[in-house]
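Notes follow the structure.
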Amino acid sequence: MLTEARARRRRKMQNRFRYNLLENIVYRDVTRVHSVPVIVWMLQRQSNNEEKKGLEIQVMIIETRKCFKFRLDRFQMRQCLETVILKRGPLSEQEMMKKSTLSTFVSRISIQKLAQEEPQVSFHRSGIVEKGDLIENSFLERDGINFILSMYRTEFDIVIRLHNRRCERGKVLRVQIPMKLLTEWLLHHEEEQELGCIDYIGAWKLTESKRKLDKQKEGDIFNFVAKEKANIPLLLQKEKEEDLREWLKHRFSISVDLNSDEERITLDFENLAAKAECIAQRLQSVWRRKRSKAIASNEVHLQYEKIFDRSTKRYFYVHKRTGEKQWTKPKVLSCNDDVKDPPDEWREESYLDPITHESHTFYFNPATGQTSWLSEEEAARLVQQKFRSKQMSELLSLRQVDFRQIVKIVKFCHDVEERYKEEPLKLMNQLNFALLCHCIKGDINTAKTLYQTVIAKSPTHPVITKAYGLFLLATATSNDSSTIDAAIFEKACNLFESAERADAKGTRFQVAQTHFFHWSVMMNPKSSTALLNYALLHQCITGEYYRAEKIYRRAIAVDPTNNQVLCNFNTFIAQRYPGSYYGEKLKQTGQMISVPEAIIRRAQVVSNDQTRNYGEWRLLKDPFCNNSWNTFWLNTFDGTSSFEEPDWSKVWERRVNRSKRMTSEKHSIEAEYHDLFVNATFTYNRITKIYSWKKFY
């Protein structure tokens, strides 16, 4: 029982000791000292006596598992810590026990390893202990201040120290250059000498490497250098040590740290990197300023718009969200920058009448400042209506008729009917009444009976033959709605030819044309029958084929189911081809046989490689034509058309006259021209007299 009680008491004391020991550990690290791996502990000693409070440093060599202990009181700790470089001034209790501050004690540990003896650990309590060989110890003047320069070299780094005895506390400046960084620095220096220029990017990379290496442990740096011994620059060789010292003397300067406001040693590549960073910051500042200005300008362009004021002939600015108006442009915009001009479009807005309190819709154009109660569609319909009315008036020769003319025409028609009733057997009374029933009254049966009577009495009278021929064509029909009967068309054409021989100038039919055919269209411009009679008048009597085709299309638009209109229109188009009735009439008079517009509208461009060489001319094909004239030529500029191939010599002559000569030499064999109409270039050879396209856009 006594043995068990003693064992329990012993375990309890051991646990308490271990707990207190772990609780007092303030620093622990595994590192290398002089390439020897060691484990470093730092324990805070607790005591009621302030003088006995301090720090215990334990260093265990991993290889021999031997532990060395060093004890420091508070005064010794403060003396060691406050003499460390970059740790100036009195330190508080909390600052001294920080891990980053306690790590400086590791640099005071040194290991001496003699031959055939175990390594011994020592701790230096005063000053900064530098490792390695002292390779330089001389005076150096920088910025008018004399320093003592010391350089220490080890296998894995070089330390540069500057000491000025006149300064307070004997100020020491120190910088450590790892061998990896020094190797990169020397290689970078050799590349700069080969290129003959300063490499700011390389200096920035060296600065980044220095920052990374400062965070690494000494042993890691040593291992890296041991692996890279094959790539050693010339100055790192042992026999070039003096040159290396001289090179390093001119490669550092003294600067003031902006964060701590203390002096420090700055290497040349750090100065270059700082300069490059300063330049980059300036460029970034300029770029950010320009970008922010562009963003602000873009926002202004999105938030504001310009509207034209018709009264002052000026633009004013309107904020789209708030509706705020101003005459001056926003201040963010520069002198050469302005809000885009408003689009030429109509917008719908609402207007509240202050008297009736009713909301009305109106439309305005911000580009012109115009306002209207009509929408674009309504205005377009109104304009189209007016245009169609004017076009129809020009096509049908509809003019403003005064009241006296209306009375005159009505009296004439009334007299025609009264005279026929008084003397129904008189030839002229029968003819006039037949025209009245044909054109105005629409009594086809009465007109047919009277026409047959008068043509039997006088088969060669020009007015009778023309009127009867027009009546035959107007009343002709076809079951398939294609064309009228060929016999009827031939009979009507014979009547027209007979009338033309009797009245070559056509003056005798002028009264019938004005008082019956034209007056019927003026009275009923939307009557398909009246339009058909008027189209036949231009087709058969006046010979205005282009105008007749337009009147036909107008009649079809009014009544697409009128069989007489469709048959006569198809017959008219079919007889326009060369060799047909109207084609031969044009040929006899020496006129060019033009292609009907209906054929041009339904035709298709012939797709082959030669169409590119025709310039403004296009070769088209009528898909509904079965004869040999199914292809024709169309000029896309002036709209002229022909079933026959154009005279290319005249076409090229017109092209030369309108084109710009590109060749400067007047007597060159081949002259080059540029045709602005087709945006193409062609050449003319004076010897062969051949034109050819050079570049067709």
Side-chain angles (χ1 to χ4, degrees), residues 307-308 310 341-351 359-403 405-406 439 481 517-539 542 544-566 568-570 572-573 576 594-605 618 620 622 624 634-641:
I307 296 179
F308 185 74
R310 294 173 64 87
D341 291 340
D344 190 3
E345 62 182 11
W346 288 89
R347 299 177 183 176
E348 181 179 346
E349 294 289 335
S350 59
Y351 165 72
S359 179
H360 302 280
T361 301
F362 72 98
Y363 303 87
F364 85 100
N365 191 321
T368 60
Q370 294 173 308
T371 57
S372 173
W373 294 108
L374 298 176
S375 65
E376 279 189 277
E377 186 175 354
E378 293 171 346
R381 288 176 182 174
L382 184 61
V383 171
Q384 289 174 357
Q385 183 180 357
K386 295 294 183 181
F387 176 76
R388 290 193 183 102
S389 177
K390 183 180 179 181
Q391 193 178 33
M392 192 66 184
S393 300
E394 294 176 354
L395 178 64
L396 303 179
S397 300
L398 302 178
R399 59 184 181 275
Q400 193 70 25
V401 182
D402 56 9
F403 183 72
Q405 290 178 331
I406 295 175
C439 298
S481 299
F517 289 93
H518 190 208
W519 180 249
S520 66
V521 174
M522 291 182 68
M523 290 179 61
N524 301 305
K526 294 185 178 181
S527 172
S528 60
T529 304
L531 292 171
L532 172 60
N533 293 328
Y534 203 60
L536 289 171
L537 176 70
H538 289 84
Q539 171 187 337
T542 63
E544 299 178 63
Y545 301 137
Y546 178 76
R547 195 172 182 182
E549 183 180 352
K550 284 188 172 294
I551 300 174
Y552 269 125
R553 289 206 303 270
R554 178 62 182 171
I556 294 173
V558 171
D559 187 5
T561 62
N562 194 319
N563 195 19
Q564 286 89 356
V565 176
L566 294 174
N568 278 279
F569 179 68
N570 293 333
F572 173 64
I573 296 299
R576 294 281 301 276
S594 60
V595 183
E597 190 173 349
I599 298 177
I600 296 175
R601 290 187 176 188
R602 71 190 185 192
Q604 301 173 354
V605 179
R618 295 290 182 271
L620 303 178
D622 184 6
F624 298 98
L634 175 68
N635 191 315
T636 56
F637 288 165
D638 55 15
T640 58
S641 58

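What's counted below: heavy atoms across the whole structure, side chains too, no hydrogens, waters or symmetry copies.
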How close do [X] and [Y] get, heavy atom to heavy atom, and via which atoms?
X      : Y      : result
Val558 : Lys526 : CG1-O, 3.0 Å
Glu378 : Leu374 : OE1-CA, 3.5 Å
Leu634 : Ser641 : CD1-CB, 4.0 Å
Ala535 : Ala548 : O-CB, 3.7 Å
Ala603 : Leu620 : CB-CB, 4.0 Å
Pro343 : Ala367 : O-CB, 3.7 Å

Does [X] have any ring-ring contact (aromatic ring centres under 6.0 Å, His included) partners at least two apart in sequence or in another chain, and if so, which?
X      : value
Phe362 : none
Phe308 : Tyr315
Tyr552 : Phe569, Phe572

Checklist outcome for this item: Residues at least two apart in sequence or cross-chain that pass side-chain contact (heavy atoms from CB on, under 4.5 Å) with Ile307, listed by chain then number, are Glu305, Phe316, Val318, Phe364, Pro366
Next on the checklist: Run the side-chain contact (heavy atoms from CB on, under 4.5 Å) test against Gln604 and tell me which residues pass, sequence neighbours left out.
Outcome noted: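 Once residues adjacent in sequence are excluded, Gln604 has no partner under the side-chain contact (heavy atoms from CB on, under 4.5 Å) criterion.
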Quick check: do [X] and [Y] have side-chain heavy atoms less than 4.5 Å from each other?
X      : Y      : answer
Leu537 : Asn533 : no
Trp346 : Gln370 : yes
Glu549 : Arg553 : yes

Next on the checklist: Tell me whether Arg576 contacts the main-chain N or O of Val595 through its side chain, where contact means a donor paired with an acceptor under 3.5 Å.
Outcome noted: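 Looks like no, no N/O pair under 3.5 Å.
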Checklist entry - Are the side chain of Asp559 and the backbone of Ala555 linked by a donor-acceptor contact shorter than 3.5 Å? => result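 Checked: no pair found.
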Nearest 0.5 Å, please: how far is [atom2] in [Y] from [atom1] in [X]?
X      : Y      : atom1 : atom2 : answer
Arg347 : Tyr363 : CZ    : OH    : 14.5 Å
Ile556 : Ile551 : CD1   : CD1   : 12.5 Å
Cys439 : His518 : SG    : NE2   : 12.5 Å
Ser528 : Asn563 : OG    : CG    : 11.5 Å
Asn562 : Thr529 : CG    : OG1   : 5.5 Å

Next on the checklist: List the residues meeting side chain to side chain donor-acceptor pair (under 3.5 Å) with Asp622, not counting sequence neighbours, and say none if there are none.
Outcome noted: Tyr577, Arg602
Item to check | Residue Glu377 excluded, over 12 heavy atoms near CD under 6.0 Å | outcome: no
